[in-house]
Participant: 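Sharing a structure below in structure tokens format, with a few things to ask.
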Amino acid sequence: MIFSKVYSNKPDIFPPILFRRGLNVILARVRDRKDKTKDSHNLGKTLLIDLLDFCLLSDPDKEFFLKMHKDRFVGFVFFLELGLDDGGFITIRRGVDEPSKISFKRHDKPNADFTDIAETEWDHTRLAFERSVTLLDGALNLTMNKPWSYRKGCGYFMRKQEDFRDVFQLNRFSKGKDRDWKPYVAHFLGFNSELVARKYDLDEEVEKLRARYEEIQGSVNLKVGDYDRLKGQIEIKEDEVGTKQIRLDEFDFREKEVGMASELAEQVEERIGELNTEIYNLRFDLDQAETGAQTDLPFNIEEVNTVFREAGLFFPDQLKRDYEELVAFNRRIIEERQQHLKARAAELRQRLATTEGEHSELSAKRQQYLAVLKQRDSLKKFKQLQSSLDQERALLALMKEKFKRLDEMLKLIAEIKKAIAERDASSEIIAEMVRKSSGRFSDIRKRFAKIIRDVLGRSAELYVRPNEKGNLEFRAEFQEGGVEDVFTSESKGTTYKKFLCMAFDAAVAEACAKERFFHFIYHDGALETEDNRRKIQWLETVRGACSEYGIQYVMTAIDDDVPRDDEDKRIDFDPAEIIRELHDQGDDGRLFKMPRF
């Protein structure tokens, strides 16, 4: 699959662009360098990759230029002609006004113009979006891309500026999960993508099972260790409820009343007596504590001094000081005792409140039992006992619901253990797969290293390893004496990262040149901010790869990106390589010949 032609129904605004095998350049020139108000930016060169993606049936977001400036493109219809691996061609028609209605036509010769043909001459006309993607996927028949749609791989061979940040994870996947892209990368590197995807599925399954377990545990406030204990309680309660139901069905209240009388005499009355004694003791202790907490030391040194004076006795200063120290000492002791007694009183009040509460509950229960036992109306007795049985049934139902949840927790534990075991086994299989590597990955790795060495004169390597979770991790790094080379300059790091991305794409395209796969590469701004020597080496590498492997390489560049030799002379592109030239002399120089938007 390669690009052959892109055109529109308004050629005066968007003239046709013909692609070729080999190097294809969209070049933005500066024609009047004396005019400092103009430059080769903002001419629309970066829009072409978005337009091609639109014609390849992308589902663009609201910031896509055809959506943001829809008023400028009312009535526009775009046509993309693709070269197929079987030698034929297919043209895709997609309009701005109705982007979800797409038409297709197969043909044998390139450079067709279907802008004016009748609707009936299209092989498939105005198909819905999803059906169109499926049809195009079948027509392209990129067997090496299966089981994914062709859409999955487009981004790796159509890199925009934001896609040069990471070799393997495109910008579109930056906010998603590794599950969204790692199995696909593993696939075209020659690894078993099903194993990689299955490992992520198992990770997710374990997390879901654990989340469900924690949810249930929080709702029942029990542990799985309580399983048999609760089971026994349910069996006893079922027997009690069954016996009471039989008695009520037979309308025989004798045994129920005997049970009530026995409980009233043996448990309720006895406990009420104990509580009465306890309440009395607590109230007595509380009264003593509160009284003690209010006790003070009634000693006034001045009163003693007055008594001595009235008696005509001398009150020595030393004796006065001794008295004062004694008083201070006793006062400290009393204050500490008061603090202790206040704390004791608070504790007693709490215990008294709890005890009196239990006493009130048992007194109410005693009154209920006595009311039943003294009731002579059998129907009223039946209703009261039925109400009691209903309460026990509700309790039994609650116990059974908790038991059901405990049973589910036990099953979840078994499922979690099974999923973890399967996940761990999957991790081992992935680790073994990495150890064995793959023929395609070895080929890509060698080509990648050679491209970096030829262009940058540096050593770099491509490798795969399992991470701490047992999932695949893809790495592309520069090496210096066997140690990873760290670049401290942010701009330099960005530049080198970009070369890693471009070298990776080229290595994959070379290794898969004989497969039914993508045979084009589109790099937006491939030469921007690069050193002249690297620009020259990269272009030589690209031209060699295109010639040897039949790859189509498309790139955008501005005038300043054109490399120069050692004497600072431009090394211009071959005119045949420039498929569209933009310039800064008015609207005619833009990709779309209209005012800037």
Side-chain angles (χ1 to χ4, degrees), residues 3 5-8 10 13-19 23-31 38-70 72-73 76 78 80 94 96 99 154-166 170-174 491 494-495 497-499 501-502 505 518 520-530 535 538-539 542 552-563 573 577-597:
F3 295 118
K5 180 182 180 181
V6 62
Y7 56 105
S8 76
K10 298 186 179 184
I13 298 178
F14 183 79
I17 298 177
L18 296 174
F19 297 88
L23 179 60
N24 297 255
V25 182
I26 296 90
L27 181 63
R29 291 191 182 277
V30 176
R31 291 185 176 178
K38 298 179 179 180
D39 57 36
S40 54
H41 296 281
N42 301 316
L43 298 179
K45 64 181 179 60
T46 60
L47 298 179
L48 182 58
I49 190 171
D50 290 328
L51 178 62
L52 292 174
D53 201 30
F54 174 76
C55 292
L56 284 171
L57 308 186
S58 67
D59 187 12
D61 59 28
K62 61 182 180 181
E63 295 183 357
F64 179 51
F65 77 95
L66 291 180
K67 285 188 174 182
M68 289 184 67
H69 308 285
K70 191 173 181 179
R72 294 284 196 97
F73 294 94
F76 265 84
F78 294 98
L80 176 62
R94 192 178 190 188
V96 175
C154 285
Y156 285 96
F157 300 94
M158 298 174 66
R159 287 199 192 242
K160 298 192 286 187
Q161 291 290 333
E162 58 265 29
D163 292 321
F164 289 118
R165 297 168 186 159
D166 190 281
L170 300 177
N171 183 64
R172 68 181 67 176
F173 300 129
S174 61
S491 61
T494 301
T495 298
K497 177 70 73 174
K498 184 177 181 179
F499 265 117
C501 294
M502 295 194 300
D505 296 346
F518 299 94
F520 68 84
I521 301 172
Y522 193 125
H523 285 159
D524 185 29
L527 303 181
E528 287 183 12
T529 70
E530 305 297 347
K535 292 178 185 179
W538 176 250
L539 290 174
V542 166
Q552 179 186 72
Y553 187 82
V554 185
M555 57 172 279
T556 61
I558 62 175
D559 235 1
D560 291 340
D561 296 336
V562 178
F573 295 103
E577 294 175 335
I578 301 175
I579 59 173
R580 170 59 61 86
E581 182 175 314
L582 310 177
H583 60 78
D584 60 348
Q585 297 294 301
D587 295 342
D588 284 348
R590 303 183 188 282
L591 182 69
F592 293 95
K593 296 183 177 184
M594 60 173 64
R596 182 186 303 178
F597 53 83

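This one's a predicted model, so the numbers in the text were calculated from it and none came from an experiment. Along the sequence shown, the residues carry numbers beginning at 1.
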Participant: To the nearest 0.5 Å, how far apart are NZ in K593 and CG in L591?
Facilitator: 10.0 Å
Participant: From M158 CE over to F3 CZ, what is the distance, rounded to the nearest 0.5 angstrom?
Facilitator: 4.5 Å
Participant: Going through the checks in order, is the side-chain contact (heavy atoms from CB on, under 4.5 Å) test met by V562 and L27?
Facilitator: CA-CA 9 Å; V562 178; L27 181 63; 4.1 Å; yes
Participant: Taking only residues two or more places apart in sequence or in another chain, which ones pass side chain to side chain contact (heavy atoms under 4.5 Å, CB included) with D505?
Facilitator: R159, I521, H523
Participant: Would the distance check show the side chain of R596 and the main-chain N or O of G44 forming a donor-acceptor pair, the cut-off being under 3.5 Å?
Facilitator: no
Participant: With sequence neighbours left out, write down each residue that passes side chain to side chain donor-acceptor pair (under 3.5 Å) with K535, or none if nothing qualifies.
Facilitator: none
Participant: Run the salt bridge (Lys or Arg N to Asp or Glu O under 4.0 Å) test against E530 and tell me which residues pass, sequence neighbours left out.
Facilitator: none
Participant: Could you check if a side-chain atom of E581 sits within less than 4.5 angstrom of a side-chain atom of F573, using non-hydrogen atoms only?
Facilitator: no
Participant: Under the side-chain contact (heavy atoms from CB on, under 4.5 Å) rule, what do V542 and M555 come out as? Steps first, then yes or no, please.
Facilitator: CA-CA 11 Å; V542 166; M555 57 172 279; over 6 Å; no
Participant: With a 4.5 Å heavy-atom cut-off, do D524 and D163 have their side chains touching?
Facilitator: no
Participant: Are F65 and P60 side-chain neighbours, meaning at least one heavy-atom pair lies under 4.5 Å?
Facilitator: no
Participant: Please report the C-alpha distance between I579 and I26 in whole Å, then the side-chain angles of each, then the deciding distance to 0.1 Å, and finally whether the side-chain contact (heavy atoms from CB on, under 4.5 Å) criterion is met.
Facilitator: CA-CA 6 Å; I579 59 173; I26 296 90; 3.9 Å; yes
Participant: Under the 3.5 angstrom rule, does the side chain of D50 hit a backbone N or O of L47 as a donor-acceptor pair?
Facilitator: no
Participant: For the CZ atom of R29 and the CG atom of L582, what is their distance to the nearest 0.5 Å?
Facilitator: 10.5 Å
Participant: Check whether the ring centres of F592 and F73 lie less than 6.0 Å apart, and answer yes or no.
Facilitator: yes
Participant: Is K10 positioned over the aromatic face of F76, cation under 6.0 angstrom from the ring centre and no more than 45 degrees off axis?
Facilitator: yes
Participant: Which is it for K45 and I558 under the side-chain contact (heavy atoms from CB on, under 4.5 Å) test, yes or no, and what are the steps along the way?
Facilitator: CA-CA 9 Å; K45 64 181 179 60; I558 62 175; 3.2 Å; yes
Participant: Please enumerate all residues that pass salt bridge (Lys or Arg N to Asp or Glu O under 4.0 Å) together with D587, with sequence neighbours excluded.
Facilitator: R590
Participant: Give me the atom names and distance for the closest heavy-atom approach of D53 to R172.
Facilitator: OD2-NH2, 4.4 Å
Participant: Quick check: do I17 and L48 have side-chain heavy atoms less than 4.5 Å from each other?
Facilitator: yes
Participant: Tell me, please, which residues at least two apart from Y522 pass ring-ring contact (aromatic ring centres under 6.0 Å, His included).
Facilitator: none
Participant: Apply salt bridge (Lys or Arg N to Asp or Glu O under 4.0 Å) to D561 and list each qualifying residue two or more places apart in sequence or on a separate chain.
Facilitator: none
Participant: Check whether any side-chain heavy atom of K160 lies under 4.5 Å from a side-chain heavy atom of T46, and answer yes or no.
Facilitator: no
Participant: Within a strict 4.5 Å, meaning less than it, do heavy atoms of the P563 and W538 side chains meet?
Facilitator: no
Participant: Would you check if F19 and F520 make a side-chain contact, meaning some heavy-atom pair closer than 4.5 Å?
Facilitator: no
Participant: Once rounded to the nearest 0.5 Å, what's the spacing between atom CZ of F164 and atom CZ of F499?
Facilitator: 10.0 Å
